[in-house]
Amino acid sequence: MAVSWYRWQGDTLRLALRVQPRAREDAFGEPLGEELRVRIKAPPVDGKANARLLAFLARSCAVPKGRVRLLSGAQGRSKVVAIEAPVVLPPPLADSRTGSRDTG
């Protein structure tokens, strides 16, 4: 069974996330259907949660912040994020045995 919350497009990783703001710590959670839960400490005010999410993903994947982009979901909890050429795969991704990879 393919994992539906992430997909490769060339060397860019696309993640479908369900973000929980105001969490105790920044952390990856469990997959929730077609989304991966991510807990973020920042409140969902003035873009703070989005900024912290992108910084957390950049740290987790060992890439500069400029290589992490929010593609959709700026105003909601469901978001799609692109990470260009991640150096490290964080545990939820590294633990997944399958996923879809687009070659084009």
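Note that this is a predicted model, so its numbers are computed, not measured.
By the 4.5 Å heavy-atom criterion applied to side chains, Arg14 and Gln9 are counted as neighbours. Within the 4.5 Å cutoff, the side chain of Leu15 has heavy atoms near those of the Ile83 side chain. Side-chain contact check for Tyr6 versus Leu36: every heavy-atom pair is 4.5 Å or farther apart. Considering only heavy atoms from C-beta on, Leu13 stays 4.5 Å or farther from Val81 through its side chain.
Taken to the nearest 0.5 Å, the CD atom of Glu35 stands 7.5 Å off from the CG atom of Leu17. For the atom pair OG of Ser60 and CG of Leu89, the computed distance is 11.0 Å after rounding to the nearest 0.5 Å. Note that CD of Gln20 and CZ of Arg77 are 7.0 Å apart. Values are rounded to the nearest 0.5 Å. The structure places OG1 of Thr12 at 9.0 Å from CZ of Arg67, a figure rounded to the nearest 0.5 Å.
Scanning both residues, Lys48 and Pro43, for their nearest heavy atoms gives CB-O, 3.7 Å. When every heavy atom of Arg39 is checked against every heavy atom of Gly29, the shortest pair comes out as NH1-CA, 3.4 Å. Of all heavy-atom pairs spanning Val87 and Ala62, the tightest one is CG2-O, 3.3 Å. When all heavy atoms of Pro44 and Ala49 are compared, the closest pair comes out as CA-CB, 4.0 Å. Taking each heavy atom of Pro92 and Trp5 in turn, the nearest pair found is O-CH2, 3.4 Å.
Val80 and Trp8 fall into different hydrophobic clusters, where Ile, Leu, Val, Met, Phe, Trp and Tyr side chains are chained together by heavy-atom contacts under 4.5 Å. Placement of Val88 and Leu57 within a single hydrophobic cluster is found when ILVMFWY residues are connected by side-chain heavy-atom separations under 4.5 Å, directly or transitively.
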Name each donor-acceptor pair under 3.5 Å that joins a side chain in residues 69-76 to protein atoms two or more places apart or in another chain, with its distance.
| residue | atom | partner | partner atom | Å |
| --- | --- | --- | --- | --- |
| Arg69 | NH1 | Glu84 | OE2 | 2.8 |

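Look at Asp26 and Arg52 and you find a salt bridge, because one of the NZ, NE, NH1 or NH2 atoms lies within 4.0 Å of a carboxylate O, short of that distance.
Screening residues 42-75 for ring-ring contact (aromatic ring centres under 6.0 Å, His included), with sequence neighbours left out, gives Phe28-Phe56.
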